[in-house]
Amino acid sequence: MKKAVISLLTLAVALSASASAFAAEPAKNMKSSQKAAASVTDPYEPNDSVEFAPYINSNVSYTAAINHHKDVDFYNFYAKPGSFNFAFSRQSTSSEPIVIWVKKQSGGQVERVRITGNTSFSVNIPEEGQYHIQIMAPDALLDNRPITPIPYTFKAIFNQ
């Protein structure tokens with residue numbers, strides 16, 4: 001009996017450690033057939049919809065990529081009212097335009113910024129709740145031309 005309990009405890013600890021390591025690892029790209037052959041590694045894919053978007057923390061840098069013309073990256077966050085500061089930096093020389101949206105989960109737009117380089121901006125979060133950031137090429141849903149992957153880094157600072 002004692003040996004069975006020890007074996008069960010050992011198994012439980014091993015499973016717990018495996019589950020913790022798996023949970024801490026970013027989601028892997030499950031839609032690789034949709035990505036361009038020359039895609040840049042993006043540890044947050046698939047994040048092409050709010051439902052699959054990872055939650056981000058305030059004042060933490062995140063690095064990802066727009067890998068093809070229809071790639072749309074979403075990031076969820078929970079914020080309290082107050083200032084939301086966002087900094088975006090390209091990690092390539094691409095001049096492809098990028099649109100950054102900050103939206104309420106209910107769909108209301110808080111801010112929209114169209115850029116061709118690096119940027120930072122501040123907006124007011126009007127009420128406590130769920131929000132998301134959406135990063136994409138401006139005509140991603142309509143345009144069929146291929147684009148060179150655009151790796152980027154961003155940091156959002158907000159009241160949690």
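Computed from a predicted structure; not experimentally measured. Quick note: residue numbers are just sequence positions, from 1.
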*asked:* Are Phe88 and Tyr152 an aromatic pair, judged by ring center distance below 6.0 Å?
replied: yes

*Linking I/L/V/M/F/W/Y whenever any side-chain heavy atoms sit under 4.5 Å apart, do Phe154 and Val60 land together?*
yes

*Please report the closest heavy-atom contact between Pro149 and Asn67, naming both atoms and the distance.*
CB-OD1, 3.7 Å

_Tell me whether Asp73 contacts the main-chain N or O of Ile135 through its side chain, where contact means a donor paired with an acceptor under 3.5 Å._
no

*Euclidean distance, Asp71 CG relative to Asn47 CG, rounded to 0.5 Å*: 7.0 Å

*Mutual orientation of the aromatic rings belonging to Phe84 and Phe121 [parallel < 30°, tilted 30-60°, perpendicular > 60°]*: tilted

*Parallel, tilted or perpendicular for Phe77 and Phe158, by the 30°/60° rule?*
tilted

Tabulate below the donor-acceptor pairs under 3.5 Å that side-chain atoms of residues 99-117 make, not counting sequence neighbours, or state none.
{"residue": "Lys103", "atom": "NZ", "partner": "Gln134", "partner atom": "OE1", "Å": "3.4"}
{"residue": "Lys104", "atom": "NZ", "partner": "Glu127", "partner atom": "OE2", "Å": "3.4"}
{"residue": "Gln105", "atom": "OE1", "partner": "His132", "partner atom": "ND1", "Å": "2.7"}
{"residue": "Gln105", "atom": "NE2", "partner": "Asn76", "partner atom": "OD1", "Å": "2.9"}

*For Ser122, all residues meeting side-chain hydrogen bond (donor to acceptor under 3.5 Å, both in side chains), sequence neighbours excluded*: Asn85

*Apply side chain to side chain contact (heavy atoms under 4.5 Å, CB included) to the pair Ile125 and Lys80, showing each step before the final yes or no.*
CA-CA 7 Å; Ile125 296 294; Lys80 294 180 180 176; over 6 Å; no

*asked:* Ignoring hydrogens, what is the shortest heavy-atom contact between Asp42 and Ala64? Give both atom names and the distance.
replied: OD1-CB, 3.3 Å

*Is there a path from Tyr78 to Ile56 through hydrophobic residues (I, L, V, M, F, W, Y) whose side chains come within less than 4.5 Å of each other?*
no

*CD on Glu96 to OG1 on Thr148, rounded to 0.5 Å*: 8.0 Å

*asked:* Ignoring hydrogens, what is the shortest heavy-atom contact between Pro151 and Ala65? Give both atom names and the distance.
replied: CA-CB, 3.8 Å

*Quick one: sort the Tyr44 and Tyr75 rings into parallel, tilted or perpendicular, breaks at 30° and 60°.*
perpendicular

*With rounding to the nearest 0.5 Å, note down the distance linking CG in Asn118 to OG in Ser89.*
4.0 Å

_Asn57 to Tyr62 - nearest heavy-atom pair and separation_ = N-OH, 2.8 Å

*What distance do Ile66 atom CD1 and Met136 atom CE have between them, rounded to the nearest 0.5 Å?*
8.5 Å

*Find the distance between OG (Ser58) and CG (Asn159) and round it off to the nearest 0.5 Å.*
7.5 Å

*Hey, is CZ on Phe52 packed in by over 12 heavy atoms from elsewhere, all under 6.0 Å?*
no

